[in-house]
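Notes follow once the structure below has been shown.
We use all heavy atoms of the structure for the numbers below, so side chains are in, but hydrogens, waters and symmetry mates are not.
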Amino acid sequence: MDTEVLVIGSGLAGLMAADLLSAEKNVTIITKSALGKSNSRLAQGGIAAVTTSDDRWTHHFFDTIRAGAFHNNEELTELLVRKGPQQIQQLIEMGVRFDRNANGQYERCMEGAHSVPRILHSGGDATGKELVNTLISRVKDRCTILENHLAADLLIKENECYGALVMNETGESFTVSAAYTILATGGAGQLYSVTSNDSSVTGDGIAMAYRAGAILSDLEFMQFHPTMFAGAGSNSFLISEAVRGEGGMLLTRDGERLMEGIHDQLELAPRDVVAREIAKEESVVYLDISMIKRFHKRFPTIAKRCYQYGIDLDSGRIPVKAGAHFLMGGVATDRYGRTSIPGLFALGEVANTGVHGANRLASNSLLEGVVFANESARWIMQSDRKWIPYFTENKRMKVSEYRLSIDRLREVMDRHVGISRSNVGLTTAISQLEWRGKFIEADTKEEVVHFNMLQTAWLMSTSAIMRTESRGVIFEKITLIKNSVLSKKG
């Protein structure tokens, strides 16, 4: 196949770019599962933007870089927050329905590390679903869509990108040539046993970009969300930060307020601060929701999931724990989503624009996807890149014959590349995650995904050991003074 624009992934950023570009260009969307199955669709809280007279872009800017531990790209962070009001209006004009109060005004809620209520939401706690569904309704008749197809590798010739090698459901491979290739594959939450991420989010885009030779940055910064339902393994699900924004409090088993004396914003401290405190507790931590009136109406998605797992909401308490949520790092990009490889772009969580720093501010992720999809589409519209139609190089995806099982990989990441890390643990992780043995041709999509997970886990661990500080989501990095410590203690 050939196409002018190839979008890999169908979350908010990819769909937004596809919608904007399809007005003038031929666009093909490839998604490894069903269209729209992504982290974007699962987003509960909302989208942050300055839309009231008592708020300023400077306030949103400072909230963002303070939460990001001042590791942000300030130029692009300013772009992000300044574009917020314009992007909200664009979404409304596209058909997105944000919740309104009895007076017809848009409801705005408070979330962690924000200085004022500026979060717009839809369906109570189904904002991502509303945004994704709206965009799907727009692109489904305007773009070529290949569902249940995996982009296995990027097509690189003379250090430029010309599309992707694709595998269908039966494992057959073919090439999709493109003038512009957009990675919008999401992050890597499924490398951990407890995560808020969709099952499809396995670090594929990061691994593909690495193999292609693109510059990657800040892969050590994985954000752990403080309030996942404390179920066993995959039974966990996200309890939106907006619940704490509505007054929800974190309590220890003894009924004491967990965040008292820890941070002046208490439960609404930056996510990294709250997640560390929860992780330190040896016994269960509860989210007290007894003060939230009509919880079932305000948070219908969360209420439904709680009932599914036998939680009595009338008791006013939900057991919670921290879980992998959002990767701040990724494929390094500029304002227009351009990577270090001509022809290759990255948008959304797979990209590292630098706007999130070392810890993302709540509800800035959907905003980032929309803002930079617009910037990227604008640049591509004005470009006329020469490309190679029908890229015919005979290519098969090859993977390592030997690699850790996925369960073992997650165990290594949980133990050594979690909230608290040490050089000893990271060294252990790197040695266990290194792929070995000869390379063989992959027969199935699952084999490629497994290899992508291994490579991304190794990259994250390697990046983590290179950073010698505690910053944002990285905590308690311990530098060994003598290598003999390892040998003496085995």
Side-chain angles (χ1 to χ4, degrees), residues 43-50 55 58-74 76-78 80-81 84 109-119 187 189 195-196 218 220-228 238-250 257-281 285 287 320-329 349 352-368 418-421 464 467 469-477:
Q44 297 174 349
I47 183 168
V50 175
D55 198 3
T58 50
H59 298 161
H60 191 181
F61 172 82
F62 185 69
D63 290 347
T64 300
I65 63 171
R66 181 174 58 181
F70 300 93
H71 187 64
N72 311 60
N73 179 318
E74 294 190 9
L76 295 190
T77 303
E78 179 177 337
L80 176 78
V81 299
C109 67
M110 189 77 164
E111 289 189 5
H114 286 271
S115 55
V116 298
R118 63 168 68 97
I119 318 302
T195 180
S196 63
D218 290 348
E220 65 272 26
F221 292 123
M222 170 61 78
Q223 182 181 78
F224 291 82
H225 198 287
T227 50
M228 296 282 297
L238 185 66
I239 308 294
S240 171
E241 190 138 339
V243 174
R244 284 173 281 138
E246 296 287 341
M249 297 186 298
L250 293 168
R257 197 165 182 179
L258 179 69
M259 296 303 296
E260 193 74 55
I262 302 298
H263 195 279
D264 58 1
Q265 289 181 286
L266 298 170
E267 283 80 9
L268 294 180
R271 285 176 174 170
D272 60 319
V273 177
V274 183
R276 281 197 292 270
E277 293 306 312
I278 290 177
K280 287 178 186 177
E281 289 293 307
V285 172
L287 180 59
V320 294
K321 61 184 175 184
H325 184 57
F326 189 92
L327 183 63
M328 273 72 68
E349 194 175 348
N352 182 19
T353 59
V355 299
H356 302 308
N359 178 59
R360 178 170 67 78
L361 181 67
S363 289
N364 268 358
S365 57
L366 296 180
L367 180 63
E368 179 198 23
I419 294 176
S420 295
R421 305 168 182 179
R467 184 170 293 280
E469 62 176 339
S470 288
R471 190 185 190 104
V473 294
I474 293 180
F475 189 60
E476 292 182 352
K477 271 295 297 289

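- In this structure a side-chain-to-backbone donor-acceptor pair under 3.5 Å is present from Arg471 to Ala69.
- In plain terms, the two heavy atoms of Lys321 and Ile278 that are nearest each other are CA-CG2, 4.0 Å.
- Atoms CG and CD, from Leu250 and Glu281 in turn, are 10.0 Å apart once rounded to the nearest 0.5 Å.
- Met259 is listed as a side-chain neighbour of Val273, based on a closest heavy-atom distance under 4.5 Å.
- The distance from atom CD of Gln44 to atom OG of Ser196, rounded to the nearest 0.5 Å, is 8.5 Å.
- In this structure, the side chains of Arg244 and Leu266 stay at 4.5 Å or more apart for every pair of heavy atoms.
- Put simply, CZ on Phe326 and OG1 on Thr195 are 12.0 Å apart, with the number rounded to the nearest 0.5 Å.
- For the residue pair Val274 and Pro226, the shortest heavy atom distance occurs at CG1-CB, 3.5 Å.
- When all heavy atoms of Thr77 and Val355 are compared, the pair lying nearest together is OG1-CA, 3.5 Å.
- Put simply, the side chain of Glu277 never gets that close to the backbone of Ile262: no donor and acceptor are under 3.5 Å apart.
- Between Val81 and Arg118, every side-chain heavy-atom pair lies at or beyond the 4.5 Å cut-off.
- To the nearest 0.5 angstrom, Ile65 atom CD1 is 5.0 Å from Glu74 atom CD.
- Contact annotation: the side chain of Asp218 approaches that of Arg467 to within less than 4.5 Å [non-hydrogen atoms, C-beta and beyond].
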>> Could you go through Asn364 and His60, starting from their C-alpha distance and side-chain angles, then the distance that decides it, and tell me whether this counts as side-chain contact (heavy atoms from CB on, under 4.5 Å)?
In response: CA-CA 10 Å; Asn364 268 358; His60 191 181; 3.0 Å; yes
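- Taking both residues in full, the closest heavy atoms of Ser240 and Gly45 are given as OG-CA, 3.5 Å, listed atom of the first, atom of the second, then distance.
- Side-chain atoms of Glu241 never come within 3.5 Å of backbone atoms of Glu111 as a donor-acceptor pair (strictly under, hydrogens ignored).
- Aromatic ring centroids of His356 and Phe221 lie 6.0 Å or more apart.
- Side chain of Arg421 to backbone of Gly418: a donor-acceptor contact under 3.5 angstrom is found.
- Under the 30°/60° scheme for interplanar angles, the aromatic rings of His325 and His225 are found to stand perpendicular.
- Using modelled atom types, one side-chain atom of Thr227 and one backbone atom of Ile239 make a donor-acceptor pair closer than 3.5 Å.
- Under the 3.5 Å distance criterion, with hydrogens and angles disregarded, a donor-acceptor pair is assigned to the side chains of Asn359 and Gln223.
- In terms of modelled atom types and a separation under 3.5 Å, the side chain of Glu349 and the main chain of Leu327 share a donor-acceptor contact.
- Thr58 OG1 to Asp63 CG: the interatomic distance, rounded to the nearest 0.5 Å, is 9.5 Å.
- Closest approach of Ala358 and Met328 over heavy atoms only: O-CE, 3.6 Å.
- Considering all non-hydrogen atoms of both residues, Ala48 and Leu367 come closest at O-CD2, 3.2 Å.
- Between Met110 and Ile119, every side-chain heavy-atom pair lies at or beyond the 4.5 Å cut-off.
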>> The test is side-chain contact (heavy atoms from CB on, under 4.5 Å); show your working for Met228 and Leu238 and say whether it passes.
In response: CA-CA 5 Å; Met228 296 282 297; Leu238 185 66; 4.0 Å; yes
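- Looking only at side-chain heavy atoms (C-beta outward), Gln265 and Pro270 come within less than 4.5 Å of each other.
- A donor atom on one side chain and an acceptor atom on the other are not found under 3.5 Å apart for Thr64 and Asn72.
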